[in-house]
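What follows is a short report on a single structure.
Side chains are part of it too, since the values below use all heavy atoms of this structure and drop only hydrogens, waters and symmetry mates. Only a predicted model underlies this, so the values are computations on that prediction, with no experimental measurement involved.
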Amino acid sequence: MSIHPALTPVRIGGTELSNRAVVAPMSRVSTTGDGVPTALMADYYREFARGGFGLITTEGTYTDEQHSQAYPDQPGLTSDAHAAGWREVVRAVHDAGGRIALQLMHAGALSQLDRPTIAPSAVAPKGAKMPAYGGGAGPFRTPAEATEEEIAQAVAGFAATAARAREVGFDAVEVHGANGYLIDQFITGYTNLRDDRYGGSVANRAHFAAEVLRAVRTAVGPEFPVGIRLSQTKVNDFEHRWPGGTGDAEVIFGAVAAAGADYLHLASEGRDWAESAQLAPGVTITRLAKEVTGLPVIANGGMHEPALAQSLLSGGEADLVALGRGALANPDWPRLLADGEQLREFDRAMLTPDVTLASQAALR
């Protein structure tokens with residue numbers, strides 16, 4: 001029997017991964033309000049390492065104390081206490097033979113905290129808050145338009161957090177540029193109405209993402225793996241697609257590659273890959289990213305299905321596959337795949353009444 005392509009090794013940046021199965025970043029909002037990772041979080045991430053995933057991506061982690069935090073119990077990496085908590089998580093993963101990347105996140109306008117927010121422009125976000133993530137319900141606050149100084153502070157926060165991540169022992173960092181959060185707000189035309197170097201053309205709207213990546217690359221050095229997650233869809237706008245199609249996508253991909261990204265992670269925000277990946281007839285977002293950048297590309301959206309993962313990897317659509325809910329149901333997915341065993345169905349109760357680890361543990 002031939003080995004499933006997801007179980008073959010791959011290199012990102014200067015790091016060799018044992019296989020192409022990635023745990024996607026999933027918000028678990030399970031700190032005690034201080035942003036410090038807990039022992040329960042260490043156990044949670046260790047389970048994926050024991051299950052054989054080649055790379056585990058953490059939940060989005062806030063990068064400054066001013067405006068970046070999205071959820072009340074979200075983890076951060078802006079203090080020594082945060083670093084000590086994450087050090088235990090990293091140790092747990094490494095002791096189990098895994099590799100782990102920290103996802104760097106700035107919420108921008110999509111913060112559920114009761115405090116002022118910033119964004120590229122003072123545009124009220126679509127949709128509403130997500131009660132399962134904490135912070136209540138109702139509409140998001142209308143943000144203030146970020147000043148040049150605030151933009152520089154946000155960039156510095158990404159860079160400083162990336163440097164801390166390397167010091168803590170993480171194997172990589174992933175910049176969260178997807179799903180409607182700050183970097184994506186700059187990329188998106190209807191949330192970015194600026195007329196300076198950060199707004200207007202798609203090249204200008206991609207400038208902030210590139211600036212963040214360059215700062216992160218400088219902070220961690222040339223050999224440390226740095227990725228970026230991008231998406232068309234958003235947590236508050238599932239239907240959004242890049243209006244310029246392949247033209248806009250080529251500009252965005254080229255900008256982040258030139259800024260120092262080692263890999264691109266294309267998110268589907270809960271949608272199936274086939275639904276969210278189409279840019280034009282016969283053109284997918286993942287294949288185009290590979291062709292434009294020459295970098296490894298991670299596909300997301302239903303990748304727990306072995307046949308779909310095999311089709312994308314063997315067909316040149318992607319180089320790695322990221323599992324979200326499929327990984328929650330099957331934290332040992334690579335081992336089950338290798339042994340030809342039955343996969344477990346995802347139980348939505350794992351995320352009810354909220355998306356915390358406590359809700360997940362209650363089912364066991």
Can you get from Phe140 to Ile118 by hopping between Ile, Leu, Val, Met, Phe, Trp and Tyr side chains that sit under 4.5 Å apart?
-> no

Result of checking His176, Glu174, Gln103 against His265 for side-chain hydrogen bond (donor to acceptor under 3.5 Å, both in side chains) = Glu174

Of all heavy-atom pairs between [X] and [Y], which one has the smallest distance, and what is that distance?
| X | Y | answer |
| --- | --- | --- |
| Pro143 | Val123 | CD-O, 3.2 Å |
| Ala206 | Ala255 | CB-CB, 4.1 Å |
| Thr61 | Gly76 | CG2-C, 3.3 Å |
| Thr356 | Val29 | CG2-O, 3.5 Å |

Can [X] and [Y] be counted as an ion pair, charged N to O under 4.0 angstrom?
| X | Y | value |
| --- | --- | --- |
| Asp95 | Arg50 | no |
| Arg197 | Glu211 | yes |
| Asp114 | Arg141 | yes |
| Arg229 | Asp184 | no |
| Arg91 | Glu88 | yes |

Does [Y] offer a backbone N or O that forms a donor-acceptor pair with the side chain of [X] under 3.5 Å?
| X | Y | result |
| --- | --- | --- |
| Gln112 | Met130 | yes |
| Thr161 | Thr63 | yes |
| Asn19 | Gly54 | yes |
| Arg46 | Val89 | no |
| Asn204 | Gly199 | yes |
| Asp73 | Gly33 | yes |
| Ser30 | Leu357 | yes |
| Trp86 | Ala165 | no |
| Asn300 | Ser268 | yes |
| Asp64 | Ser68 | yes |

In terms of ring plane angle, is the pair Phe53 and Phe48 parallel, tilted or perpendicular, where the classes change at 30° and 60°?
-> perpendicular

Hey, mind stepping through Leu312 and Met303 against side chain to side chain contact (heavy atoms under 4.5 Å, CB included) and telling me if it holds?
-> CA-CA 9 Å; Leu312 265 66; Met303 296 301 147; 3.3 Å; yes

Please round to the nearest 0.5 Å and tell me the distance separating atom CD1 of Ile252 and atom CG of Leu230.
->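 Here the rounded value is 7.0 Å.
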
Give the C-alpha distance, both sets of side-chain angles, the deciding distance and a yes or no for side chain to side chain donor-acceptor pair (under 3.5 Å) between Asp319 and Tyr263.
-> CA-CA 10 Å; Asp319 302 282; Tyr263 71 87; over 6 Å; no

Should His106 and Ile183 be marked as a side chain to side chain contact (heavy atoms under 4.5 Å, CB included) after you check the CA-CA gap, both sets of side-chain angles, and the distance that decides it?
-> CA-CA 8 Å; His106 193 304; Ile183 291 175; over 6 Å; no

Go through Gln185 and Phe208 one step at a time and tell me if the side chain to side chain contact (heavy atoms under 4.5 Å, CB included) criterion holds.
-> CA-CA 10 Å; Gln185 289 159 29; Phe208 179 67; over 6 Å; no

With Phe346, which residues qualify under side-chain contact (heavy atoms from CB on, under 4.5 Å), at least two apart?
-> Arg325, Leu328, Ala329, Arg348, Met350, Leu351

For Asp262, what residues pass the side-chain contact (heavy atoms from CB on, under 4.5 Å) criterion, not counting sequence neighbours?
-> Arg217, Pro225, Val226

Take Tyr45 and Glu59 through the test side chain to side chain donor-acceptor pair (under 3.5 Å) and record every step on the way to the result.
-> CA-CA 10 Å; Tyr45 286 112; Glu59 59 209 281; 2.6 Å; yes

Could you walk me through whether Glu305 and Trp273 pass side chain to side chain contact (heavy atoms under 4.5 Å, CB included), step by step?
-> CA-CA 11 Å; Glu305 294 289 347; Trp273 174 84; over 6 Å; no

